[in-house]
2 protein chains.
Amino acid sequence: MTKLEVVPPSVDRLERVSLGDRVHTALRDRLMGGELAPGQKMSLRSVAESLGVSMMPVREAVARLVADQSLEVLPNRAVRVPLMTKARFRELTRVRLVVEGFAAEEAARSRQDSDVAAMRDCEEAFEAEARKAAPQAELAVRSNKELHFAVYRATGLPTLVGIIEGLWLQIGPVLNLDLKLSPDRLQTGGAAEQHRRLVAAVEAGDAATARDALVKDIEGAARFIESTGRLLD
Amino acid sequence: MTKLEVVPPSVDRLERVSLGDRVHTALRDRLMGGELAPGQKMSLRSVAESLGVSMMPVREAVARLVADQSLEVLPNRAVRVPLMTKARFRELTRVRLVVEGFAAEEAARSRQDSDVAAMRDCEEAFEAEARKAAPQAELAVRSNKELHFAVYRATGLPTLVGIIEGLWLQIGPVLNLDLKLSPDRLQTGGAAEQHRRLVAAVEAGDAATARDALVKDIEGAARFIESTGRLLD
DNA sequence: GCAGCCTAACTGTGATCACAGATCGCCGCA
DNA sequence: TGCGGCGATCTGTGATCACAGTTAGGCTGC
């Protein structure tokens, strides 16, 4: 784990960002990026030391992540990335289908030109990575996430984006760990195709197709992950 | 603000609940109950003193509430209940319609007998309070909330319930403050009627009607609150 | 050589101290 | 009497200390 970047004081002035916020962001990125696998334990002191801060900001960041179930504290008081059971995975997937499906519809209705441009960039980056003979899972994961959130941000509903972020934070470790262990899913899965449909539909303002593409994208990934048998229970 | 209740040690053993958790719950209840009005400032030290704990657990609880925007920290570092603008209110209402509407549908599909019983109790309590000549806003607010969440819990999707709790935490101060200032809304508004429709539809497994009743309930309240002109912007 | 106990290290939690920045009020001056 | 500036106080944030509970490893005894 790398040290936290030292941000210029000017940025620090404009938008009060505490050390706790920075630690929170750092941990969040690692969770969403699949760098922290389900079941992995962590201690406040070790995280603090590796990030070059005291235990205090880490406590705050971890408390927030525990609050929205991105991390969990065992009865032994140990902190770890939650394990994913089949039941929890299916529940999260169902909620995602509703919430993100609505977001896709709404994005098709409200998108601005700048949103479409951002989506196109991410979509090309994802497709370029997926088409490689030996795709780098990390890059694919990142551009996949960026593409989805470019769509969600196009809704103009920050509350909705926040909710979806919470869902990704919970399901991210599994999604991305899975992608790292089975990089071939990038080719076999229809992710790229649904992404193309999604972007085109949002750009055309076709809400129904946008939702359908997103739903198929989520369902395809969920089916694949369930088929690997790596989920508990 | 009252002191935190001393819970029996047995409960404390079963489910590790830290002081920070208790402070969080205490503040959450006050926010959802409308005891803390939008714009109201609070200091960590004063909250800590009034709850009889040190500043430490309060910091953790407030950090969590700030994280999900139930509280906000101003550039001056002051902590307060966020003000509600018309734009934010409408955004929250739109998201609520989607998420809680889905929850109502799902509750109609998955409800158990015990869920229906809990809903009926809350519905009767609400109606009894609303029918009084001088209804106590606090009791009505409480049973209204309990009724809604009895429905949401009937979905069997704790993730969804958590999301809705986050939404209520943000919109609660306005909803409930409004009800306190305009207790006559209990009679004039069609809340009781939609509640009856909602409970009956969930019990009958009629998803479409359940959603419709809930949507009309939310929309009715939203219309009333917008009409009072107490929102900013 | 192996099993069991006991200690030492490590865990999160809470309290206290330290500090920089903002705010408000009081005092002095015109 | 009114205005301006300065200081005391209060704010959140970060660090450090203290502590109880757990865990894991090493040592002792069989």
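All chains are named by letter (A, B, ...) in the order of the sequence lines, taking the proteins before the strands, and each is independently numbered beginning at 1. Since the structure is predicted, the reported quantities are computational estimates derived from the model, not experimental observations.
Ionic pairing of A:Glu49 and A:Arg45 is not present here: no N-O contact between side-chain nitrogen and carboxylate oxygen is shorter than 4.0 angstrom.
Regarding B:Arg64, its CZ atom lies at a distance of 11 Å from the P atom of C:dT13, rounded to whole Å. In this structure, CE of B:Met55 is placed 8 Å from P of D:dG12, rounded to the nearest angstrom. Taking atom CD on A:Glu60 and atom P on C:dT13, their separation rounds to 14 Å, with Å as the unit. B:Met56 places its CE atom 9 Å from the C1' atom of C:dA15, with the value rounded to the nearest Å. Note: CD (A:Glu49) to C1' (D:dT16) measures 15 Å, nearest angstrom. Counting to the nearest Å, the P atom of D:dG14 and the CZ atom of A:Arg22 are 9 Å from each other. Taking atom NE2 of A:His24 as the reference point, atom C1' of D:dG14 lies 19 Å away to the nearest angstrom. As a whole-Å value, the separation of A:Leu44 CG from D:dA15 P is 14 Å.
No side-chain donor-acceptor contact under 3.5 Å links B:Asp121 to the backbone of B:Ala118. In this structure a side-chain-to-backbone donor-acceptor pair under 3.5 Å is present from B:Arg111 to B:Val202.
Proximity note for A:Asn76 (side chain, C-beta onward) versus D:dG14, C:dA22, D:dT22: the nearest is D:dT22. For A:Arg77, the side-chain atoms get nearest to D:dA20 when compared with the rest of D:dG14, D:dA20, C:dG14. Residue A:Ser18 places its side chain closer to D:dT13 than to any other of C:dG14, D:dT13, D:dG12. Comparing atom distances between the B:Ser43 side chain and each of D:dG12, D:dC17, C:dT11 picks out D:dG12 as nearest.
DNA chain C is contacted by both B:Gly20 and B:Arg45; B:Gly20 maps to the nucleotide lying nearer its 5′ end (nearest heavy atom per residue). Residue order along DNA chain C, read from the 5' end via each residue's closest nucleotide, puts B:Arg59 first among B:Arg59 and B:Lys41.
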Practice prompt. Using the side chain to side chain contact (heavy atoms under 4.5 Å, CB included) rule, take B:Arg94 and B:Glu91 through it: C-alpha gap first, then chi angles, then the decisive distance, then the call.
Written response: CA-CA 5 Å; B:Arg94 288 192 60 191; B:Glu91 185 197 337; 5.8 Å; no
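The two residues A:Pro173 and A:Trp168 make their nearest non-hydrogen contact at CD-O, 4.4 Å.
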